[in-house]
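This report concerns only the one structure given below.
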Amino acid sequence: MLERDGYLPGVPCWVDTSQPDPDAAVAFYRGLFGWDFENAMPPESPGKYLIARLRGGDVAAVGSLPEGGPAGATWNTYIWVQSADEAASKVRDAGGRVVSDPFDVMDAGRMAVFTDPEGAAFSVWQAKQHTGARIVNEPGSLNFNGLATRDVLGAKAFYGSVFGWETLALDGGAEMWRLPGYGEFLERLDPGLRARMAEAGAPAGFEDVVATLNPIADDQPDAPAHWGVTFAVEDADAAAARATELGGRVLVAPFDAPWVRMTVIADPQGATFTASKFVPENRDLATGATTTARAA
């Protein structure tokens, strides 16, 4: 896989997990994904922010719980923007909430934390020294970000206003978030990508996809709107077994879905994520579950 060095505005670019005990989380994710870690915070800092790497390339981070933030462990999605301050204005105008006003993160970048009108939290990243995940779409790295929502029409209006997102309809009625022109950006990085996608049977326009759009089913009345993360793995069944050995819980046992075999896991402190193996042979399965094929 080609390493990334920056993203287009409107493309998810980074994930981190906020944890009550960052060191315990490091042990879990090192054992599950083989990540190496380095604390990016100054020695005198009361909190930790441990950058996870594969082959020396940044893939994610484990951090202490932010002051004033939720008490539980979560995975967080960051979306690349040219200006965090302009993004905050757009979020307000579109009916979202600014949880944390834009602020500088040392020399790494500038960020802000928002919720959409339904309460799903996400962050934006205005890069300086840190240019997001450098390795994606290979085992142990970010594969996709996805919004779970009950108000699909409201989400389309909000994210369309803030990031210019549209949706791509798939067979069976499923939809995914797309950023027009993103495929051209990817094609410049990796010539021939669109042709390979078409040859593999990906639907027209899939090269512009940046995230998944997942309606929350009526039989999940207590499930809140949220952003989730998916990591690529070599074997979803083995990942589920290994997570259990390390003290995590398998929330959804491995199952086959279009293009993938996947499982949903909670780490020992409760942060949930999906582990997904790309399975081309599953391309023609009926679309009834989250489709994951690549990270933005």
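Along the sequence shown, residues are numbered consecutively beginning with 1.
Minimum interatomic distance between Phe158 and Val91 (heavy atoms only, all atoms of both residues): CE1-O, 3.9 Å.
In this structure, Leu251 CG and Thr263 OG1 are separated by 8.0 Å, a value rounded to the nearest 0.5 Å. Rounded to the nearest 0.5 angstrom, Asp116 CG and Leu147 CG are separated by 6.0 Å.
A heavy-atom distance below 4.5 Å is not found between the side chains of Met176 and Val210. Looking at Glu138 and Glu234, their side chains never come closer than 4.5 Å, going by heavy atoms from C-beta outward. Taking the side chain as every heavy atom from C-beta outward, Lys156 and Trp165 never approach each other to under 4.5 Å. When side chains are defined from C-beta on, Met111 does not count as touching Ser100, because their heavy atoms never get closer than 4.5 Å.
A salt bridge does not link Asp235 with Arg261: none of the charged nitrogens is closer than 4.0 Å to a carboxylate oxygen.
A continuous path of hydrophobic side-chain contacts links Phe103 to Tyr49 [ILVMFWY only; heavy atoms under 4.5 Å]. Under the 4.5 Å side-chain heavy-atom criterion for grouping Ile, Leu, Val, Met, Phe, Trp and Tyr, Val209 is connected to Phe185 within one hydrophobic cluster.
A distance below 6.0 Å separates the ring centres of Trp227 and Tyr159.
Using modelled atom types and a 3.5 Å distance limit, the side chains of Ser123 and Asn76 yield no donor-acceptor pair. Using a 3.5 Å distance cut-off with no hydrogens or angles, the side chains of Thr149 and Asp151 do not pair a donor with an acceptor. No side-chain N or O of Asn143 forms a donor-acceptor pair with one of Thr230 less than 3.5 Å apart. Side-chain contact annotation: Asp58 with His130, donor-acceptor N/O pair under 3.5 Å present.
Screening residues 193-204 for side-chain hydrogen bond (donor to acceptor under 3.5 Å, both in side chains), with sequence neighbours left out, gives Asp190-Arg196.
Note: Tyr78 and Trp125 have perpendicular aromatic rings, judged against thresholds of 30 and 60 degrees for the angle between ring planes. Ring geometry, Phe231 versus Trp75: the interplanar angle exceeds 60°, so the pair is classed perpendicular (tilted spans 30 to 60°). Aromatic ring orientation, Phe37 versus Trp35: perpendicular (interplanar angle above 60°, classes split at 30° and 60°).
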